[in-house]
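Report on the structure given below.
Atoms considered below: every heavy atom in the structure, side chains included; atoms not considered: hydrogens, waters and symmetry mates. All of these numbers come straight from a predicted model, not from anything done at the bench.
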Amino acid sequence: MHGVPVDYEGLRKAESLIKQLRKFVIPDVSLLESDSAIDNFVLAAGKQFPIFIAFGLNETMISNLARKYKEKSGFAVARGFSEEAIVKYGFDKVPAFVSIHPSDNELHVFYGPFEGVRGTTSVMEEDGHPFYHPFSAFY
């Protein structure tokens with residue numbers, strides 16, 4: 001990766017390799033401007049990895065977190081969203097950080113403040129919610 005050889009321990013089927021490579025080339029944080037963009041992001045992410053969507057947060061708030069866990073999770077910032085999205089993703093105030101685990105049909109909502117000492121990572125770690133599933137859970 002980045003010009004340095006690494007051992008690949010993932011699956012060898014073409015579909016799995018393509019999914020893994022896509023995780024490397026996508027941006028750390030996707031910017032979503034509408035409800036349909038949010039739905040497309042969730043659909044494109046599939047059911048293998050958890051998804052984290054920040055509603056009403058700045059991209060820079062989650063960029064370090066996204067960079068760290070990019071290979072095991074999908075991250076996005078929703079800038080434009082309607083009341084329907086608020087109801088669909090189960091939050092009632094902004095800013096909100098929504099964690100979706102499609103394989104387990106789980107959805108968790110985290111509310112700020114996300115600034116300062118208690119940043120986005122702290123909120124997630126204090127709640128004990130993992131940023132990714134261990135790969136052994138997929139076998």
| field | Derivation of the side chain to side chain contact (heavy atoms under 4.5 Å, CB included) call for S73 and F75 | value | CA-CA 7 Å; S73 303; F75 291 87; 3.6 Å; yes
| note | For A76 and I62, the nearest pair of non-hydrogen atoms, with its separation, is O-CD1, 3.8 Å
| note | Nearest heavy-atom contact between I51 and P102 is CD1-CG, 3.9 Å
| field | Close side-chain approach of N58 to V77, heavy-atom, < 4.5 Å | value | no
| field | Spacing of CZ belonging to F81 relative to CD1 belonging to I86, to within rounding of 0.5 Å | value | 5.5 Å
| Main-chain N/O of E106 paired with D104 side-chain donor or acceptor, under 3.5 Å | no
| message | Nearest 0.5 Å, please: how far is CZ in F52 from CG in L57? | response | 13.5 Å
| query | Say you draw a straight line from OH of Y89 to NE2 of H108; how long is it, rounded to the nearest 0.5 Å? | reply | 15.5 Å
| said: Check this for me: does any side-chain nitrogen of one of D35 and K88 sit under 4.0 Å from a carboxylate oxygen of the other? | reply: no
| field | Test item: I38 and F55 side chains (from C-beta on) under 4.5 Å apart, heavy atoms | value | yes
| request: State, to 0.1 Å, how close V94 and G56 come at their nearest heavy-atom pair, and which atoms those are. | output: CG1-CA, 3.4 Å
| Would a 4.5 Å heavy-atom cut-off, applied to side chains only, mark S34 and L32 as touching? | no
| said: Check whether D28 reaches the backbone of A66 with its side chain - one donor and one acceptor, N or O, closer than 3.5 Å. | reply: no
| field | Contact summary for H101 and P50, nearest pair of heavy atoms | value | CE1-CB, 3.3 Å
| Counting only N and O atoms by type, is there a donor-acceptor contact under 3.5 Å from the side chain of Y111 to the main-chain atoms of D92? | yes
